[in-house]
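Worksheet: the structure to be examined is printed underneath.
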Number of protein chains: 2
Amino acid sequence: MKDCSQCIVRNRAICSGLDIHELDLLGRQGRKQKIAKGQTVFWEGDDVVVVANVIEGVLKVSMSMSDGREQIVGIVFSSDFIGRPFGQQSPYSVTALTDAELCIFSRSTFDSFARQHPELEHKLLRRTLTELDRAHEWMLLLGKKSATERVATLLLEMSVRLGETGCTVDNGALDTFELPLDRQQIGDVLGLTIETVSRQFSKLKADGVIHLPDRRTVSILNRARLQDISAAA
Amino acid sequence: MKDCSQCIVRNRAICSGLDIHELDLLGRQGRKQKIAKGQTVFWEGDDVVVVANVIEGVLKVSMSMSDGREQIVGIVFSSDFIGRPFGQQSPYSVTALTDAELCIFSRSTFDSFARQHPELEHKLLRRTLTELDRAHEWMLLLGKKSATERVATLLLEMSVRLGETGCTVDNGALDTFELPLDRQQIGDVLGLTIETVSRQFSKLKADGVIHLPDRRTVSILNRARLQDISAAA
DNA sequence: CGCTCCATTGACCTTCGTCAAGTTCGGTGG
DNA sequence: CCACCGAACTTGACGAAGGTCAATGGAGCG
């Protein structure tokens, strides 16, 4: 890798706490890699040989059962971190939902670098803690919310997180955005079937809460109403 | 707090990486506190003023919606850590399921101590990462598993985690144990109603997989079968 | 002995999943 | 530019799993 200081996620990724010297050191260990949409970066159950920062693109983190049932347990965006540091087996798979670019490190290299650079571990800790908060929020959704509430929650969440990833200037929630997930994947995030998701989309559209110009893009027409429907805590 | 070196969770809590000097320093900041069963340690949405190690007892970590629906997002045992370091608001409530004893720190004190002691942050990071793994596993359960599978999974999980907390010598999974949760709470962990949980218990009992000597205690008669039913990944 | 609190069980109903057509969109080739 | 093709999505009819409501059971305690 040549120059971390020019990296577009420089200020948002976990590397952001490092000084120029450390950044250079870490940079030597990493390599950029492009991942095509649909490609899996690593598989559930495999040995964790690498971890990575997401430079560009959207990926899903998923777990599945022996009979094929799959749950998406996370969606990661530009500047997010993927992989399981300090672990032997990967508990999940990571797959690109869009074409993506990663900054990849061998896990063992990363682990020992992290141990020698508390600032990096600190950033990773903070990130893991927010990730855990998000997981908890999602457990509430999966355990207690109705189909309508789940879909509304997802739309709001995507609106916010796509807004955060710096595609826009203002960093605010987007009113119109393109979903990086197809209907099946939305079902797999929400613990619903594709048909139920579709019906809820249709209903929200019929109620004038959202507009669906095409399969993938969503326009929020009435955010307050959507928040209401999502039964936000 | 007088003497951390004598603490019963000394070797399992996040303090375990600290040397005697550091341990003494940290010990001066903490205080032990007994919590009665049913008492809430801190509330969802409140400012996080404290964090704590669990010395003894079992507590639930829960999130709830404005209309009262509640999801238990975690169960913590002896030597586990509770509270949200580096955060403003607590995203969840923590309530004692049994009488408990905590080792409490002011969050700001803990935060700055942690930042000055990378070994502590490292332990906390590892713990947070396994906590996240567990949350992911539970998302799979909540999103994709049937009622029977959920109950079977919970029983196995409790069997293992109660076994780990050092109540026994061998640290293995227990075949007979007392549930720290009542039926309503089991429902709140599994995303089911109390009636469905009860029906599944009765069914497992009728099938000879488990035995229920009284409301709270469970005896696993056929672990292999239970594992099968749980649809473990 | 009887009261209270859980837990269990039963009957019924709602929500969501399943199965099976359609329909739309986007891409490809004529 | 238009026709066609396939994949993804939508819609409908039906059924099953689990929720709801209500009655019953049973253990612990005064």
Side-chain angles (χ1 to χ4, degrees), chain A residues 37-38 60 65 67-72 97-98 141-155 178-207 209-219 229 231, chain B residues 37-38 60 65 67-71 97-98 141-155 178-207 209-219 229-231:
Chain A
K37 173 174 172 171
K60 67 168 181 173
M65 295 168 57
D67 62 3
R69 281 175 279 178
E70 176 177 326
Q71 176 68 35
I72 295 180
L97 296 173
T98 65
L141 176 143
L142 293 170
K144 291 281 138 72
K145 290 192 180 180
S146 71
T148 322
E149 290 167 346
R150 293 183 198 199
V151 170
T153 306
L154 179 78
L155 292 178
E178 184 155 333
L179 287 168
L181 308 148
D182 63 27
R183 294 288 186 275
Q184 178 61 59
Q185 289 160 343
I186 293 174
D188 290 341
V189 179
L190 298 178
L192 299 171
T193 59
I194 187 172
E195 293 93 336
T196 302
V197 171
S198 185
R199 278 185 251 271
Q200 298 306 328
F201 269 81
S202 302
K203 192 159 169 303
L204 288 173
K205 190 169 99 178
D207 294 352
V209 181
I210 59 172
H211 177 225
L212 301 167
D214 67 69
R215 297 172 175 209
R216 292 289 189 126
T217 110
V218 176
S219 223
I229 294 171
Chain B
K37 174 175 172 170
K60 66 168 182 174
M65 296 168 57
D67 61 4
R69 280 175 280 178
E70 175 178 326
Q71 177 69 34
L97 296 173
T98 64
L141 177 144
L142 292 170
K144 290 282 138 72
K145 289 192 181 180
S146 71
T148 322
E149 291 166 345
R150 293 184 199 199
V151 170
T153 306
L154 179 77
L155 292 178
E178 185 155 332
L179 287 168
L181 309 148
D182 64 27
R183 295 288 185 273
Q184 178 60 60
Q185 289 161 342
I186 293 174
D188 290 342
V189 179
L190 297 177
L192 299 171
T193 60
I194 187 171
E195 294 92 338
T196 301
V197 171
S198 185
R199 279 186 250 271
Q200 298 305 330
F201 268 80
S202 302
K203 191 157 169 303
L204 288 172
K205 190 169 98 177
D207 293 352
V209 181
I210 58 171
H211 177 225
L212 301 167
D214 67 71
R215 298 176 173 206
R216 291 291 189 125
T217 110
V218 177
S219 223
I229 294 171
S230 79

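Protein chains get the first letters and strands the later ones, always in sequence-line order, with residue 1 at the start of each.
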Inset, instruction - Calculate the interatomic distance between A:L142 atom CG and C:dT15 atom C1'; express it in whole Å. - result: 16 Å

Legend entry - D:dA17 phosphate, OP1 or OP2, under 4.0 Å from B:T196 side-chain N/O: no

Inset, instruction - May I ask you to decide whether B:D188 forms a salt bridge with A:K144, counting only side-chain N to carboxylate O separations under 4.0 Å? - result: yes

Legend entry - Spacing between A:Q184 atom CD and C:dT18 atom C1', to the nearest angstrom: 13 Å

Legend entry - Selected nucleotide, minimal atom distance to B:R215 side chain, candidates D:dG26, C:dT9, C:dC19: D:dG26

Legend entry - Residue pair A:K145 / A:T153, side-chain donor-acceptor N/O under 3.5 Å: yes

Inset, instruction - Take B:I194 and A:K145, find for each the nucleotide of DNA chain C with the closest heavy atom, and name the residue whose nucleotide sits nearer the 5' end. - result: B:I194

Inset, instruction - Have a look at B:D214 and say if it touches a base, only the backbone sugar-phosphate, or nothing, with a 4.0 Å heavy-atom cut-off. - result: nothing

Legend entry - Phosphate-side-chain proximity, B:S202 and C:dT9, N/O vs OP1/OP2 below 4.0 Å: yes

Inset, instruction - Mind calculating the distance between NZ (A:K37) and C1' (D:dA7) to the nearest angstrom? - result: 12 Å

Inset, instruction - Would you confirm whether B:S198, through its side chain, and B:I194, through its main-chain N or O, come within 3.5 Å as a donor-acceptor pair? - result: no

Inset, instruction - Look at all strands and tell whether B:G187 reaches a base, only sugar-phosphate, or nothing, counting heavy atoms closer than 4.0 Å. - result: nothing

Legend entry - Contact under 4.0 Å: B:R199 side-chain N or O vs C:dT9 OP1/OP2: no

Legend entry - Between B:E178 and B:T217, a side-chain donor and acceptor under 3.5 Å: no

Legend entry - Nearest-Å distance for atom pair NZ/P, residues A:K144 and D:dG18: 15 Å

Inset, instruction - Write down the atom of B:I210, the atom of B:F201, and the distance for their closest heavy-atom approach. - result: CD1-O, 4.0 Å

Inset, instruction - Report the distance from atom NZ of A:K203 to atom C1' of D:dG12, rounded to the nearest whole Å. - result: 17 Å

Legend entry - Spacing between B:R150 atom CZ and D:dG18 atom P, to the nearest angstrom: 7 Å

Inset, instruction - Report the distance from atom CD of A:Q200 to atom P of D:dT11, rounded to the nearest whole Å. - result: 12 Å

Legend entry - Under-3.5 Å donor-acceptor pair between B:R183 side chain and C:dC6 base: no

Inset, instruction - For B:F201 and C:dC6, give me the distance from atom CZ to atom P, rounded to whole Å. - result: 16 Å

Inset, instruction - Look at the side chain of A:E195 against the base of C:dC19 and say whether a donor-acceptor pair falls under 3.5 Å; ignore hydrogens and angles. - result: yes

